[in-house]
Amino acid sequence: MRVTKKKEGLEMAEGDMTPMIDMTFQLIAFFMVLINFTEAEQDERVKLPSSVLAKPPENPLEHYITIQMQEDGTCIIDGNDVPLDGITNVLRSQADIMQRLGTSRGDVTIIVRAHGKAQTGKVQDLISKCQEVRFERFVLRAKESLVIQKTK
Amino acid sequence: MKIRNKKNEDTIELQMTPMIDIVFQLLVFFIMTFKIVAMEGDFNIKMPLAAHQGQPTDIQTVPMRLVMKADAEGSLASMKIDSRSFTDMDELHGYILSKVGTDPGSQDSDQEIELDCAYKLNYEHVIAAITAITGHVDDSGQVVKLVEKIKFSPPRGAPPK
């Protein structure tokens, strides 16, 4: 049914947009703060073992190289799959670059992110290969576990 | 030219549509790229270069040697320090606690543990053992450190190259 007579007297109804815009900006701020672009250091193929003591470091490492190891022992450096045997050459080139930038190998920490089901021997082989390139500082990375260990 | 009534000239109406368009674009972008990442932490391990290994260090105590054996699937078959066997990580943690103590003054900071692991052992068991050795979280949520000097001995049962 069309009503034409009444329409002339009607004013255009306008919804109040302010609360919606407020909420939208809040959401954008939330996602902007939490967004993490450091995808290169994490690979979904690597499921880290968890530990209650794995707390984020208070002082982040200054010079580091992250090496990830998949379940089958294949390593990932800078997003590239590298077989364990070929890791020495990659590390050597990385060390040369760092040396040119004024960082000696002794100051560089190797972060080992290994899959929980990877063989420990292969992780140790990886460390040995890093030692061949004269790296000597290592950390083993684990995922923070939310299950609190009982105090003895 | 649009001629407005004098009544409408008092209020300035902003065009909200383009702004809301852009804002929703941004919102969608952030939602799509959002990824919940678990917090991660590090365990320091002591792996000096071979040239330094033969040199005497300032460590006066003999490192404890934790032997971890694996079955064919890589699960933990047994673990022991000297002749003492442990059935689980809680027992290992209790043993380390009895050796090192919890009072900050009595902590033996020179205590070192060497991990002697089977080649096939799943890495998650090593991290569990390192967790049991390194410390625990007390009731207040603080981390109580026990032994922080951890090193690996060459793996047992490595496949021939």
Side-chain angles (χ1 to χ4, degrees), chain A residues 14 17 20-21 24-25 27-28 30-32 34-39 42 47-57 61 69 109-125 127-128 130-131 134-146 148-152, chain B residues 16 19-20 23-24 26-27 29-31 33-50 52 68 70 74 90 93-94 97 102 115 117-128 130-132 134-139 141 143-145 152 154-159:
Chain A
E14 282 186 10
M17 305 288 268
M20 189 195 74
I21 294 166
T24 313
F25 274 112
L27 284 168
I28 287 176
F30 171 77
F31 285 113
M32 276 178 76
L34 290 186
I35 200 163
N36 184 11
F37 286 110
T38 56
E39 294 286 327
Q42 295 180 352
K47 308 275 184 225
L48 289 186
S50 57
S51 167
V52 286
L53 300 181
K55 306 283 182 198
L61 297 167
M69 181 178 271
T109 305
I110 303 288
I111 300 173
V112 179
R113 294 183 84 253
H115 194 290
K117 298 285 182 196
Q119 291 182 342
T120 304
K122 287 187 176 170
V123 177
Q124 287 186 253
D125 286 346
I127 292 171
S128 301
C130 294
Q131 285 178 314
R134 307 201 68 76
F135 288 111
E136 52 185 22
R137 294 166 74 168
F138 300 92
V139 294
L140 304 179
R141 187 152 279 186
K143 188 173 64 182
E144 186 179 18
S145 169
L146 298 175
I148 303 295
Q149 189 182 346
K150 284 178 185 172
T151 311
K152 289 279 170 184
Chain B
M16 301 294 273
M19 190 193 77
I20 293 168
V23 164
F24 273 106
L26 282 170
L27 187 61
F29 168 76
F30 284 118
I31 289 173
T33 53
F34 185 65
K35 191 178 168 188
I36 298 170
V37 179
M39 301 297 268
E40 295 177 0
D42 298 330
F43 292 105
N44 285 305
I45 55 164
K46 197 183 159 197
M47 297 297 285
L49 296 176
H52 303 297
M68 299 176 79
D90 287 341
H93 179 71
L97 199 60
T102 49
L115 298 178
C117 307
Y119 193 91
K120 280 188 171 180
L121 182 68
N122 286 345
Y123 176 67
E124 60 189 355
H125 299 298
V126 176
I127 291 294
I130 291 174
T131 305
T134 309
H136 60 257
V137 180
D138 65 10
D139 294 332
V143 175
V144 178
K145 300 270 187 186
F152 285 101
R156 291 171 180 236

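All values below were derived from every heavy atom in this structure, side-chain atoms included, with hydrogens, water molecules and symmetry-related copies excluded. Chain letters run A, B, ... following the sequence lines, proteins first and then strands; every chain starts at 1.
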Part of Met16(B) within contact of chain A (heavy atom distance under 4.5 Å): side chain
Heavy-atom pair with the smallest gap, counting every atom of Ala114(A) and Leu48(A): O-CD2, 3.6 Å
Which atoms of Ile28(A) approach chain B - backbone, side chain, both or neither, heavy atom under 4.5 Å: both
Student check: side-chain heavy atoms of Cys117(B) and Gln124(A) closer than 4.5 Å: yes
Options Met17(A), Lys143(A), Met20(A), Met32(A), ranked by heavy-atom pairs under 4.5 Å with chain B, top entry: Met32(A)
Atom group of Ile45(B) that falls short of 4.5 Å from chain A, counting heavy atoms: both
Nearest-0.5 Å distance, CD of residue Gln131(A) to CZ of residue Phe138(A): 5.0 Å
Part of Val23(B) lying under 4.5 Å from any heavy atom of chain A: both
Atom of Val52(A), atom of Val137(B) and distance for their closest heavy-atom approach: O-CG2, 3.9 Å
Leu140(A) portion near chain B, given a 4.5 angstrom heavy-atom threshold: both
Which portion of Leu27(A) sits near chain B, non-hydrogen atoms under 4.5 angstrom: both
Residue, of Ala118(A), Ala142(A), Ser50(A), that accumulates the most heavy atom pairs under 4.5 Å with chain B: Ala142(A)
Which portion of Met19(B) sits near chain A, non-hydrogen atoms under 4.5 angstrom: side chain
Pick from Lys117(A), His115(A), Lys47(A) with the largest number of heavy-atom pairs that fall under 4.5 Å of chain B: Lys117(A)
Where Ser51(A) and Thr131(B) come nearest, the two heavy atoms and their spacing: OG-OG1, 2.7 Å
Proximal component of Arg137(A), with respect to chain B [non-hydrogen, under 4.5 Å]: neither
Parallel, tilted or perpendicular: rings of Phe34(B) and Phe30(A) (30°, 60°): tilted
Contact class of Ala118(B) relative to chain A, heavy atoms under 4.5 angstrom: backbone
